Amino acid sequence: MTAQALSLTEFLSCGALPGLADRRMSTDDAIATLPASLPDGVELRVTDAARLRTRRALFTEFARIWTFPDYFGNNADAFDECMRDLDEFARDAGRPTPTGYLTVITGAQRLLTSTQEFAWFADSIAFYRDHYRDVASPPAPFAVLLTAPEAARPEVVDRWGSVGMPPVSVSV
């Protein structure tokens with residue numbers, strides 16, 4: 001992690017993945033405090049990694065928090081399609097096209113117990129970041145912010161670093 005923490009706005013604009021909050025936050029803390037720190041129009045979703053222990057559970061939880069359509073097929077291809085269509089889902093729901101997308105995962109040390117599934121997720125979030133930055137019109141930041149207890153932070157940093165994505169520190 002970098003020595004100096006980025007602000008949430010800097011984190012969203014820099015394209016680094018993932019971010020690691022500089023302090024532990026519960027799901028309720030994140031929901032209560034983060035919206036005021038976000039730029040206008042950024043869609044925020046918060047979940048606990050205890051709900052994301054397997055890829056199947058991750059599909060179910062992301063479908064819930066990002067409100068995937070009923071036709072979501074609970075597989076990697078359908079997940080990729082839905083994650084790339086978050087802007088379309090917002091417009092279909094009568095909301096303006098979001099100016100960005102932020103998923104906060106609390107208790108990040110519990111995320112995906114399988115090393116293979118974890119590597120797949122890391123690759124996937126980079127793919128979605130690139131999609132919203134390079135393909136979506138208008139472009140928008142896509143980011144994942146992790147939180148973990150102080151004692152678990154080294155484990156989270158090492159795990160993400162092992163897949164070539166060392167987290168950047170984010171001040172929240």
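Position 1 is the first residue of the sequence; numbering continues from there. Computed from heavy atoms alone, side chains included, the values below leave out hydrogens, waters and symmetry copies. None of these values were measured; they are calculated from a predicted model.
Arg133 has a carboxylate O that lies under 4.0 Å from a charged side-chain N of Asp130, or vice versa, which qualifies the two as a salt bridge.
Under the side chain to side chain donor-acceptor pair (under 3.5 Å) criterion, Trp66 pairs with Thr103, sequence neighbours left out. For Arg45, the salt bridge (Lys or Arg N to Asp or Glu O under 4.0 Å) partners at least two apart in sequence or on another chain are Glu43. Partners of Arg91 according to the salt bridge (Lys or Arg N to Asp or Glu O under 4.0 Å) rule, which considers only residues two or more places apart in sequence or in another chain, do not exist here. Taking Ser7 as the reference, Thr9, Glu10 meet the side-chain contact (heavy atoms from CB on, under 4.5 Å) condition, with sequence neighbours excluded. When the salt bridge (Lys or Arg N to Asp or Glu O under 4.0 Å) test is applied to Arg56, no partner is found at least two apart in sequence or on another chain. Partners of Ser114 according to the side-chain contact (heavy atoms from CB on, under 4.5 Å) rule, which considers only residues two or more places apart in sequence or in another chain, are Gln116, Glu117. Listed by chain and number, the residues in a ring pair (Phe, Tyr, Trp, His ring centres under 6.0 Å) with Phe11 amount to none (sequence neighbours excluded). Contacts of Arg159 classified as salt bridge (Lys or Arg N to Asp or Glu O under 4.0 Å), with partners at least two apart in sequence or in another chain: none.
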Name the atoms and distances for all side-chain donor-acceptor pairs under 3.5 Å in residues 69-81, with sequence neighbours left out.
| residue | atom | partner | partner atom | Å |
| --- | --- | --- | --- | --- |
| Asn75 | OD1 | Asp77 | N | 3.1 |
| Asn75 | OD1 | Ala78 | N | 2.8 |
| Asn75 | ND2 | Gly73 | O | 3.3 |
| Asp80 | OD1 | Tyr128 | OH | 2.4 |

Show me, pair by pair, the donor-acceptor contacts under 3.5 angstrom made by side chains of residues 136-152, not counting sequence neighbours?
| residue | atom | partner | partner atom | Å |
| --- | --- | --- | --- | --- |
| Thr147 | OG1 | Met25 | O | 3.2 |

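For the ring pair (Phe, Tyr, Trp, His ring centres under 6.0 Å) criterion with Phe59, the lone passing option out of Phe68, Phe121, Trp120 is Trp120.
Interatomic distance, OG of Ser171 versus CG of Asp22, reported as 4.5 Å (0.5 Å rounding). Note that CE of Met165 is 4.5 Å distant from CG of Leu17, once rounded to the nearest 0.5 Å.
Judged as a ring-ring contact (aromatic ring centres under 6.0 Å, His included), not a single pair has a partner in residues 23-55 (not counting sequence neighbours). Sorted by first and then second residue, the side chain to side chain donor-acceptor pair (under 3.5 Å) pairs involving residues 27-38 (not counting sequence neighbours) are Ser26-Asp29, Thr27-Thr106.
Between Leu20 and Val168, the closest side-chain pair of non-hydrogen atoms is not below 4.5 Å. Taking 4.5 Å as the limit, some side-chain heavy atom of Phe118 sits within range of a side-chain heavy atom of Val163.
Ring geometry for Tyr132 versus Tyr101: interplanar angle of 30 to 60°, hence tilted.
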